[in-house]
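What follows is a set of notes on a single structure, which appears directly below.
Since the structure is predicted, the reported quantities are computational estimates derived from the model, not experimental observations. Note that the numbering runs from 1 along the sequence shown for the chain.
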Amino acid sequence: MRLVHGRLTLLVQSVLLAHAEVGALEKQSFERLSHGLACNLHSKHWQWYHTAYKDAAEAAAAGGPAHGKAAARCALAEALLERTSNLSDILNCNVGVVAGYYLLARLVLPVAVESFGTVGADEGEAGLAYRLLQLALVFIFTLRNANRIPEAPGVAWGVSERFIIPTLMRMRKGQVRKAQKWLQHAVPIAPEFRDRSLQIAVVSICAYPANHPLALPSVTPPNRDAYTSRHGYHLRLHLEPPILGAHGLGLQHAKLATVLAYLQSGKFDWVAWFDCDSIIMNMNRTLDSIIYQYAQQVPEEISGSVAEPPLPVCGAHNVRPDLSGQWLDSWVPPDLRQDALVSIYQTFEGRVVASSPQFGEAPGVVGEDESVELEFDGSALRGRIILDAEDTPHTVPVRLEWDNGAIWSRLGTPRSLEGAPCREPCVEPGPDCAAELDPKMNLLITEEGWGLSSANWLIRRSAWSMEFLHAALTAAHVQMRLFGDQDAIILHLMNEDALRAVCSGDDVAFTSDPLSRHASVIPQFELNAYDALNALTMECDTFVEGDLLITFPQCKDAEGCNDVFNLAAAYASDLDKSLGPRAGAWWSRAEGPPRWSRYSATSAPAIRIFGPRPLVQELFFRERLLEQHGAG
Ligand SMILES: *[C@@H]1O[C@H](CO)[C@@H](O)[C@H](O)[C@H]1NC(C)=O
Ligand SMILES: *[C@@H]1O[C@H](CO)[C@@H](O)[C@H](O)[C@H]1NC(C)=O
């Protein structure tokens with residue numbers, strides 16, 4: 001906490017400093033102000049924006065009336081919406097735009113943003129601030145300054161990438177937690193699920209010049225071919241830059257144009273875009289299963305309540321002992337115990353609620369170390385979980401021994417044993433499957449620390465999707481040439497919704513994710529699992545056997561990467577490997593030691609693909625040390 005406090009003071013100081021500077025400069029020449037802010041104040045639009053920014057910053061600093069703050073906040077959001085409607089103009093005041101998003105994030109959720117995401121963002125409740133910071137980051141990229149805001153204008157506006165990037169990274173963890181909760185309540189879909197009525201296309205561009213040293217143009221096409229022919233998907237793989245109505249497009253932007261063209265063709269219900277450097281690793285995993293899992297209609301807004309956790313999915317792998325079931329309390333006289341049973345519900349991530357007539361409800365949590373803690377009227381009671389000694393591999397809890405001397409013994413068979421109630425996942429649409437597609441869900445996409453990823457995603461044929469791709473393409477190709485397709489996608493999925501939510505002024509809007517309801521951010525591992533090295537350095541999901549694919553961010557040189565690509569392709573085409581039933585299902589996915597028979601812990605490419613994380617960490621740090629020594 002002290003650290004946070006120190007940084008906070010620094011932040012406040014820099015904002016005050018910025019204002020002092022601006023104030024002093026206002027008396028001096030206009031040129032110098034314009035120059036100091038790196039903002040073209042000769043344009044009345046930017047002058048107006050700057051004024052809105054100053055007013056909002058002053059409202060934030062002063063402890064004035066709430067309505068004054070709300071008005072200033074909304075005026076800045078509106079100014080930003082107007083300013084971002086002409087992307088070509090942003091370069092005339094780029095740092096100011098970044099500062100605007102950052103200030104709005106602070107204004108809607110001051111504690112979460114000023115604590116760098118350490119307070120009030122753990123359960124994904126910083127949705128709006130998180131998206132505003134993601135938008136700020138998009139415009140840090142357009143500065144083309146190695147993800148840094150130039151020092152002088154940064155100070156003048158009171159913003160730094162150091163306030164934004166670490167905060168985003170931390171807030172994302174809360175967003176992930178919230179999504180996991182959602183997933184538990186969704187109808188589980190088996191990894192082999194097929195809906196034969198869906199026409200699905202897989203689209204990739206592997207356009208490399210002839211004799212390019214990278215192995216991808218020879219590795220990826222057969223990999224895609226094997227996968228699509230196995231499931232009857234349509235493969236549209238381009239070995240040359242496509243000219244589908246998109247003349248003169250850079251390869252970057254050709255992605256959006258190509259997918260758009262395939263949606264417009266009307267032949268496919270869903271199109272999957274996969275970057276050429278993503279390699280399909282689990283040939284059995286279907287795209288239908290991902291579509292049905294994440295584009296399904298979920299009844300109501302799912303509350304974060306742990307009172308009614310869903311039954312586990314059959315075959316779910318639990319890291320923690322499962323306490324769900326009924327327990328007899330030793331403190332209750334024997335003849336009354338049956339009437340005073342304690343019931344425990346436990347969720348996937350180890351939260352529990354114990355309830356009984358004698359104490360009502362007590363929430364708590366189960367640790368991975370066989371500990372349990374319950375909260376009774378604000379005070380915590382800790383206990384130990386005693387596992388069944390007869391059971392191999394000792395996973396069944398039979399007794400709970402509490403620090404206050406109470407002992408609870410299990411009544412009956414735990415649900416994790418055979419015959420216990422669990423939810424069977426759907427394997428195909430039909431009367432046995434309660435999952436129905438949400439007609440408004442059009443885009444399934446993943447995100448990592450830097451925001452939504454355009455590497456691999458799924459999009460449904462619909463008017464919304466075509467309009468969206470067209471708008472994103474125009475943004476990147478016409479209005480803001482510095483935009484990658486990723487930036488354009490982010491802008492068009494959240495800018496307007498986020499800025500409007502700022503003006504709505506209600507607490508629900510401030511904590512919810514303003515992302516367009518046509519799109520869903522799905523777990524990164526489902527469509528975008530990173531190789532073990534990148535997963536470690538970028539703090540995100542690493543490839544685990546069973547995952548659909550693996551992707552290699554920044555693997556660009558043949559010397560270091562070809563062996564890795566080739567090994568991934570060899571793994572993919574090894575049909576004798578056994579992944580076990582339902583491999584790749586979210587409910588049984590866990591990082592662990594690699595299981596492939598051809599894995600070798602002495603092979604660099606194998607470690608890069610399969611990890612395990614601790615080994616990668618060791619090697620990576622050793623390598624870094626060597627580099628430093630070499631350099632020194
Ligand atoms: C957008 O900004 C550019 C660059 O400042 C400017 O030339 C253009 O006229 C603006 N477009 C509109 C519609 O205002
Ligand atoms: C893929 O599915 C087939 C048929 O269900 C099964 O025999 C095979 O073992 C699976 N492959 C892997 C790698 O799990």
Mark yes or no for whether Q486, through its side chain, and L452, through its backbone, hold a donor-acceptor pair below 3.5 Å.
yes

Determine whether R194 and D288 make a side-chain contact, defined as any pair of heavy atoms from C-beta on separated by less than 4.5 Å.
yes

In terms of heavy-atom contacts, S504 and A509 come closest through OG-CB, 3.1 Å

Is the F139 ring parallel, tilted or perpendicular to the F483 ring (thresholds 30°, 60°)?
tilted

Let's go through S204 and R224 carefully: what are the C-alpha distance in whole Å and the side-chain angles of both, what is the deciding distance for side-chain hydrogen bond (donor to acceptor under 3.5 Å, both in side chains) to 0.1 Å, and is it a yes or a no?
CA-CA 9 Å; S204 295; R224 294 282 189 280; 2.9 Å; yes

Quick one: does Q293's side chain have a donor or acceptor within less than 3.5 Å of a partner on I189's backbone?
yes

Side-chain donor/acceptor of D269 to backbone N/O of L198, under 3.5 Å
no

Are there over 12 heavy-atom neighbours, none belonging to E539, within less than 6.0 Å of that residue's CD?
no

Which of L168, V138, I165 passes side-chain contact (heavy atoms from CB on, under 4.5 Å) with W450? It is I165

I want to check something: taking the side chain as every heavy atom from C-beta on, are L527 and F274 in contact at a cut-off of under 4.5 Å?
yes

When Y102 is tested against each of V113, L132, V97 for side-chain contact (heavy atoms from CB on, under 4.5 Å), which residue passes?
V113

Could you tell me whether H231 atom NE2 has more than 12 heavy atoms of other residues or ligands within 6.0 Å of it?
yes

Quick check against the 3.5 Å criterion: does N282 have a side-chain atom that pairs as donor or acceptor with the backbone of G546?
yes

Report the C-alpha separation of W587 and R582 in whole Å, then their side-chain angles, then the decisive distance to 0.1 Å, and conclude whether the side-chain contact (heavy atoms from CB on, under 4.5 Å) test is met.
CA-CA 9 Å; W587 56 85; R582 303 267 144 94; 4.2 Å; yes

Do K255 and D275 pass the salt bridge (Lys or Arg N to Asp or Glu O under 4.0 Å) test, and can you show the C-alpha distance, the side-chain angles, and the key distance before you say yes or no?
CA-CA 9 Å; K255 182 190 290 198; D275 271 358; 3.0 Å; yes

Inter-residue atom distance Q180.CD - H185.NE2, 0.5 Å rounding
12.0 Å

Euclidean distance, D195 CG relative to I291 CD1, rounded to 0.5 Å
8.5 Å

Pair R285, I280 - check side-chain contact (heavy atoms from CB on, under 4.5 Å), show working.
CA-CA 9 Å; R285 181 76 202 270; I280 310 278; over 6 Å; no

Take the angle between the ring planes of W157 and H50 and call it parallel below 30°, perpendicular above 60°, tilted in between.
perpendicular

Got a donor-acceptor contact below 3.5 angstrom from the D497 side chain to the M494 backbone?
no

Answer yes if the ring centres of F268 and H234 are under 6.0 angstrom apart, and no otherwise.
yes

Go through the steps to decide whether Y130 and Q175 satisfy the test side-chain hydrogen bond (donor to acceptor under 3.5 Å, both in side chains), and finish with yes or no.
CA-CA 9 Å; Y130 176 67; Q175 297 295 118; over 6 Å; no

Go through L104 and L499 one step at a time and tell me if the side-chain contact (heavy atoms from CB on, under 4.5 Å) criterion holds.
CA-CA 9 Å; L104 287 177; L499 293 174; 3.6 Å; yes

Salt-bridge present (D547, R589; N to O < 4.0 Å)
yes

Under 3.5 Å donor-acceptor, R177 side chain and D122 backbone:
yes

Centroid-centroid distance, Y49 to H45, less than 6.0 Å
no

In terms of relative ring orientation, are Y292 and F193 parallel, tilted or perpendicular, with 30° and 60° separating the classes?
tilted

With a 3.5 Å distance limit and no angle check, can you tell me whether R106 reaches the backbone of A57 through a side-chain donor-acceptor pair?
no

Are the side chains of L443 and L493 in contact, using a 4.5 Å heavy-atom criterion?
yes

Decide side-chain contact (heavy atoms from CB on, under 4.5 Å) for N442 and F468; before the verdict, give the C-alpha distance in whole Å, the side-chain angles of both, and the deciding distance to 0.1 Å.
CA-CA 10 Å; N442 289 303; F468 162 72; over 6 Å; no

Could you measure the distance from the OH atom of Y53 to the SG atom of C93? Nearest 0.5 Å is fine.
10.5 Å

Roughly how far apart are M538 CE and Q524 CD, rounded to 0.5 Å?
9.0 Å

Counting C-beta onward and ignoring hydrogens, is there a side-chain heavy-atom pair between N147 and F141 closer than 4.5 Å?
yes

Would you mind telling me which of V259, I459, V271 makes a side-chain contact (heavy atoms from CB on, under 4.5 Å) with S465?
I459

Here the gap from S160 atom OG to I140 atom CD1, rounded to the nearest 0.5 Å, amounts to 8.0 Å

Would the distance check show the side chain of E125 and the main-chain N or O of T511 forming a donor-acceptor pair, the cut-off being under 3.5 Å?
no

Donor-acceptor pair, distance only, cut-off 3.5 Å: does the side chain of Y227 make one with the backbone of V202?
no

Does atom CZ (R148) have a neighbourhood of more than 12 heavy atoms from anything else shown, all under 6.0 Å?
no

Got T446 and N456 here, is their nearest side-chain heavy-atom distance under 4.5 Å?
no

Side-chain heavy atoms of T551 within contact of Y530, under 4.5 Å
yes

Backbone N or O of V187 within a donor-acceptor pair of the Q296 side chain at under 3.5 Å?
yes

For Q264, is the CD atom crowded, meaning more than 12 foreign heavy atoms sit under 6.0 Å from it?
yes

How about P439 and Q297: do any of their side-chain heavy atoms sit closer than 4.5 Å?
yes

At what distance, to the nearest 0.5 angstrom, does CG of N528 lie from OG of S453?
4.0 Å

Between R131 and E447, is the salt bridge (Lys or Arg N to Asp or Glu O under 4.0 Å) condition met? List the steps.
CA-CA 12 Å; R131 294 297 169 204; E447 72 185 339; 3.0 Å; yes

